[in-house]
Colleague: 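The structure's right below; bear with me while I get my questions together.
Naming convention: chains lettered A, B, ... in sequence-line order (proteins, then strands); numbering from 1 in each chain.
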There are 2 protein chains.
Amino acid sequence: MESQKRKPRADAVRNRELLISAARDVLKTGGPNASLEAVAREAGVGIGTLYRHFPTREALFHAVFSRDLEDIVVLAEGQETAADPVAALRSWLHANVALVETKRGMLGALSVVMTPESKEAYSGDMQRIKAAVDRLLERAAEAGQIRDGVTSEDLLQTMYALCYAREPGPDWREKVLKLLDIFLDGLKL
Amino acid sequence: MESQKRKPRADAVRNRELLISAARDVLKTGGPNASLEAVAREAGVGIGTLYRHFPTREALFHAVFSRDLEDIVVLAEGQETAADPVAALRSWLHANVALVETKRGMLGALSVVMTPESKEAYSGDMQRIKAAVDRLLERAAEAGQIRDGVTSEDLLQTMYALCYAREPGPDWREKVLKLLDIFLDGLKL
DNA sequence: ATATATACGGAGGGTGCCTCCGTTTTGCAA
DNA sequence: TTGCAAAACGGAGGCACCCTCCGTATATAT
């Protein structure tokens, strides 16, 4: 192996971190169309540096959210041994909504995640989430509690769609959960 | 009454129509973030003219879609006398999805409709749609076929959310209808 | 200490947003 | 008709953002 690699430069590592952190802030208020130049300014680096680290908007988003995605995965995997599969599903979805709520800007930004172009970039995390949710769905279907033929993708898409449909506001969570629960009820049988 | 009005200028009327027509084309391919300057170019008028006729992006969208909204309203009002309220609801929603499908660019653009800022501009058409759908919901609820406490806004929001969640593709309609039907099933009881 | 691979920054060219205002066109009345 | 004021036109201008490119700076390895 010619893995005679140099150690990564310290400034590069530092700047990357600064950018992610700045992006987190800017996305929070600016949503998915937030200005990347603003991110660079906030991070105190040149715009060129931003683009070198993250060639596309999606790449930056990915870096910002991969940790949050991690939380979601852990949550899903934690539910896998729960007694009531449907309740587990519901509970995971609710937790998920709550997470989206706290992240605010993430709400809009997450929609970017679901677009086909970025599917590839996210494949790693998404794969794990999908796998976990699929196991939950399968368990519930086997227990005869929900219809089958419903994929984790269906469920995730619906959840994010409902989150995304409504502007943040005082009754945001309440409304989203209401619609989500109706959907879950439709799943039963 | 001092309605001593001048006749509206011919060029103004003509340009307005050109703009709407150009906007329809540009939105079809460009989605909700399409360039307004492109619309003006396409229409062969100056950008200033566009902004004079339509002070905001929403105003332009409204002009473009008000005819389509009209179709939807007529559809809803036509269902009001149907025998089975739930079937009527489902049938209207399906027709609605089909309409969204044919309009393509409308898909994204419609999301603009649902944002709070534009609520006012749309109040006219939206009021009629909501009224019609509310009557359908009410009938179904009175017949004891669906839960109550669900508003037309809930339903519309969900439908548009599901339409919007998925990129157009070969199985677009199939998937959207699947999810929508699940939701409707959740409504029953 | 020096070389060189790496990374940095920001100028530059392109596009879009929206406003403002000098110029043109149009409807109406004389 | 002609004249004129109201109404509409167009696009320049100022600002922000996007993304690329490349001359300059710097960290690592020898």
Colleague: From C:dC8, D:dA6, C:dC18, pick the nucleotide closest to the side chain of B:R9?
Modeller: D:dA6
Colleague: If the cut-off is 4.0 Å, is B:R52 near the phosphate of D:dC9, judged by side-chain N/O to OP1 or OP2?
Modeller: yes
Colleague: With respect to the side chain of A:R6, which nucleotide from C:dT6, C:dT26, D:dC17 is positioned closest?
Modeller: C:dT6
Colleague: Between C:dC17, D:dA27, D:dC19, which nucleotide has the shortest distance from any of its atoms to the side chain of A:D11?
Modeller: D:dA27
Colleague: Heavy-atom distance under 4.5 Å between the side chains of A:V97 and A:C163, does that happen here?
Modeller: yes
Colleague: Could you give the CG-to-C1' distance, from B:L19 to D:dG10, as a whole number of Å?
Modeller: 12 Å
Colleague: Are the side chain of B:R147 and the backbone N or O of B:G186 linked by a donor-acceptor pair below 3.5 Å?
Modeller: yes
Colleague: When you get a sec, tell me which of D:dC9, D:dA29, D:dA27 is the closest nucleotide to the side chain of B:A12?
Modeller: D:dC9
Colleague: Could you tell me whether the phosphate oxygens of C:dC8, OP1 or OP2, come under 4.0 Å of any side-chain nitrogen or oxygen in A:H53?
Modeller: yes
Colleague: So which of residues 39-48 of chain B are in contact with DNA chain D, with a heavy-atom cut-off of under 4.0 Å?
Modeller: B:V45, B:G46, B:I47, B:G48
Colleague: Separation of B:Y51 atom OH from C:dT19 atom C1', in whole Å?
Modeller: 10 Å
Colleague: Round to a whole Å and report the spacing from CZ of B:R57 to C1' of C:dG16.
Modeller: 9 Å
Colleague: Look at the side chain of A:R173 and the backbone N and O of A:H94, then say whether any donor-acceptor pair between them is shorter than 3.5 Å.
Modeller: no
Colleague: Please check the phosphate of D:dA8 (OP1 and OP2 only) for any side-chain N or O of B:T49 closer than 4.0 Å.
Modeller: no
Colleague: Tell me the interatomic distance from A:E37, atom CD, to D:dC15, atom P, rounded to whole angstroms.
Modeller: 15 Å
Colleague: Send over the distance from A:L18 CG to C:dA7 C1', rounded to a whole Å.
Modeller: 14 Å
Colleague: Of all the heavy-atom pairs spanning A:D154 and A:G149, show the shortest one and how long it is.
Modeller: OD2-O, 4.0 Å
Colleague: Is the side chain of A:R135 donor-acceptor paired with the backbone N or O of A:E77 at a distance under 3.5 Å, no angle test?
Modeller: no
Colleague: For the helix from C:dA1-D:dT30 to C:dA30-D:dT1, figure out the bend between the end axes, five pairs an end, and round to 10 degrees.
Modeller: 10°
Colleague: Answer yes or no: does atom CG of A:D148 have more than 12 heavy-atom neighbours from other residues, nucleotides or ligands under 6.0 Å?
Modeller: no
Colleague: Side-chain N or O of B:S35 less than 4.0 angstrom from OP1 or OP2 on C:dT15?
Modeller: no
Colleague: Once you round it to whole Å, what is the distance between P of D:dC19 and CG of A:L60?
Modeller: 12 Å
Colleague: Is any side-chain heavy atom of B:E70 less than 4.5 Å from a side-chain heavy atom of B:V74?
Modeller: yes
Colleague: Measure the distance from CG on A:L50 to P on C:dG9 and round it to the nearest whole Å.
Modeller: 11 Å
Colleague: Over how many whole Å does the gap from B:R14 atom CZ to D:dA7 atom C1' extend?
Modeller: 14 Å
Colleague: Output, in order, the C-alpha distance, side-chain angles, deciding distance and verdict of side-chain contact (heavy atoms from CB on, under 4.5 Å) for B:R90 and B:D185.
Modeller: CA-CA 10 Å; B:R90 184 183 308 268; B:D185 283 348; 3.6 Å; yes
Colleague: When we call it a touch if two heavy atoms are under 4.0 Å apart, what does A:A38 touch: a base, just sugar-phosphate, or nothing?
Modeller: nothing
Colleague: If you compare every side-chain N and O of B:N15 against the phosphate oxygens of D:dA8 (OP1, OP2), does one of them come in below 4.0 Å?
Modeller: no
Colleague: Which atom pair, heavy atoms only, marks the closest approach of B:L179 to A:F183?
Modeller: O-CE1, 3.5 Å
Colleague: Map A:P8 and A:P55 onto DNA chain D by nearest heavy atom, then report which one ends up closer to the 5' terminus.
Modeller: A:P55
Colleague: Would you say the side-chain atoms of A:R139 pair up with the backbone N or O of A:A82, donor to acceptor, closer than 3.5 Å?
Modeller: yes
